[in-house]
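Below is one structure, written out as structure tokens; comments come after it.
Lettering follows sequence order; numbering is per chain, from 1. What you see is a predicted model; the values in this text were computed from it and never measured.
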Amino acid sequence: MKEPARTLAEAVLLGAATLGAGLVVNALHPDGLSLTRDHFRTATDAPPAAAPPDAPPAPPGPSEAAGVAPVAAATGAVASEVADRLRARGLQVVSLAEARAIFEDPACAAGAYLFIDARGDAEYRAGHVPGAYQFDRYHPERHIEALLPACHAALKLVVYCLGGECEDSELATLDLQGMGVDPQRLQVYVGGLAEWTAAGLPVETGARGGGDD
Amino acid sequence: MTEGALRRLDDSGVPLLLARLGVGATFLVLGGNKLADPVAFLKALREYDMFPPGAPVLMNVTAAALPFAEVACGALLLAGVAVRGTALFLLGLLAAFSLAIHAHASDLAAAGAQPLCSIVFDCGCGKGLQNACSALAQNAVLLLLCLVALASRSRRWCLRAEWLRRG
């Protein structure tokens, strides 16, 4: 290799230039990340106050669960582990049957019960529980203005993401708690949209209320 | 193969061209996938636990800046501009992430008492869920191609500064 020092200098300069340009692109990107926000910390990150003293120890988090595909694991042992972890954090969990009952309750159509989809734009538009509000917690500023008044007015809120080991519903629920939404009204549907669609339940595509079932 | 034969092969420009095309196209496509979904890449990075807790900016900056850097480096290699510097930069990236993938997959394998090659996870490589051994093998091939680009003395089929000046 000729001129190793020059090559090294070229690599360093090139790395700095492309990474710097990457930050500019991120700033212009419609889905760009906030650089200063701790995206995985919620306003309610604290010891699980609602967990009973004899609650089982929290099962391993997603990063510790070995090699299980999130969608494939939407049911069974993994879903049960996730539900246990959520309960240990003081969160309420609903099953498919309970989520379905809430959806089919006339109170849902009246806006007293809400579904909240914690996934990103593309996933939400591809299919969500009919009437569900979107709350992409990585870009909360896009949704919070419409979502928070609806949350405060609702009696029951069911938050979901894809299901299985997807953490977004859990983090979004904690975010909403931190924004003052009554924790007693918030419930996490662990099975998520993967389980919902697998059960043949209705899905709406496009924007909320688009009616494109 | 003798040194002379290796030199003739290198002078033909074919090894460098193959290395540039292979690495350049791969980074262009996979970097583009990450660029399209920065949040997915951020989530994948988080799984490695390679950033100090309480310093989210470092992880955010990496997730925000790296995808475009990969796309840019892929384009530079395909064009044949700053080949050695680009190859060295990508070599460093690949080495660091290969070690991280191996460490994380080993942890997952140990936690689940499974063999390493049965582990499937999103390594942040731009392909979504992927088998750990397949990701490591892919990185090994890319590392080898980067070494070829770094060591090659040929500049055949590379965009040269003189050509740009000539217009």
Side-chain angles (χ1 to χ4, degrees), chain A residues 1-4 6-41 60-73 78 119-123 136-139 161 165-168 171, chain B residues 31 35-43 46-49 53-57 59-73 76 82-93 104-105 107-114 116 118-122 129 131-132 150-153:
Chain A
M1 192 192 325
K2 283 177 71 176
E3 303 176 337
R6 185 178 161 185
T7 303
L8 183 61
E10 190 176 79
V12 170
L13 280 175
L14 195 135
T18 55
L19 289 170
L23 291 178
V24 174
V25 169
N26 176 69
L28 302 172
H29 196 298
D31 291 328
L33 296 168
S34 160
L35 299 182
T36 52
R37 186 169 170 234
D38 187 343
H39 295 281
F40 300 103
R41 185 182 174 85
S63 62
E64 297 163 77
V68 183
V71 179
V78 171
R119 300 172 304 149
D121 286 349
E123 293 94 342
D136 172 5
R137 61 178 305 279
Y138 300 94
H139 304 97
C161 49
E165 292 185 29
C166 154
E167 266 188 301
D168 290 330
L171 295 170
Chain B
L35 196 57
D37 192 353
V39 170
F41 185 48
L42 178 73
K43 289 177 185 173
R46 178 198 179 206
E47 294 299 308
Y48 287 111
D49 282 332
V57 174
M59 185 164 68
N60 294 342
V61 166
T62 306
L66 208 50
F68 179 77
E70 291 185 5
V71 169
C73 287
L76 286 173
V83 170
R84 285 197 190 112
T86 307
L88 183 58
F89 176 64
L90 292 180
L91 194 73
L93 272 186
H104 184 53
D107 287 348
L108 292 177
Q114 298 174 54
L116 183 74
S118 71
I119 298 301
V120 175
F121 73 118
D122 183 355
L129 291 172
N131 178 277
L150 194 58
S152 175
R153 298 176 58 180

**Request:** Sort out for me which of V12(A), L19(A), D136(A) touches chain B most, counting heavy-atom pairs under 4.5 Å.
**Result:** L19(A)
**Request:** Would you mind checking which part of L13(A) comes under 4.5 Å of any heavy atom in chain B, side chain (CB onward), backbone (N, CA, C, O), both or neither?
**Result:** neither
**Message:** Under 3.5 Å, is there a donor on one side chain and an acceptor on the other for Y138(A) and D168(A)?
**Reply:** yes
**Message:** Checking the side chain of R137(A) only, and the main-chain atoms of H39(A) only, is there a donor and an acceptor separated by less than 3.5 Å?
**Reply:** yes
**Asked** Between L23(A), T18(A), V24(A), D31(A), which shows the greatest number of heavy-atom pairs under 4.5 Å with chain B?
**Response** T18(A)
**Request:** Could you tell me whether R37(A) atom CZ has more than 12 heavy atoms of other residues or ligands within 6.0 Å of it?
**Result:** yes
**Prompt:** When you measure from the side chain of R6(A) to the backbone N and O of G85(B), does any donor-acceptor pair fall under 3.5 Å?
**Reply:** no
**Prompt:** Side chain, backbone, both or neither: which part of L35(B) has an atom under 4.5 Å from a heavy atom of chain A?
**Reply:** both
**N/O donor-acceptor pair under 3.5 Å between H139(A) side chain and G32(A) backbone** = yes
**Asked** Is it the backbone or the side chain of L14(A) that comes under 4.5 Å from a heavy atom of chain B, or both, or neither?
**Response** side chain
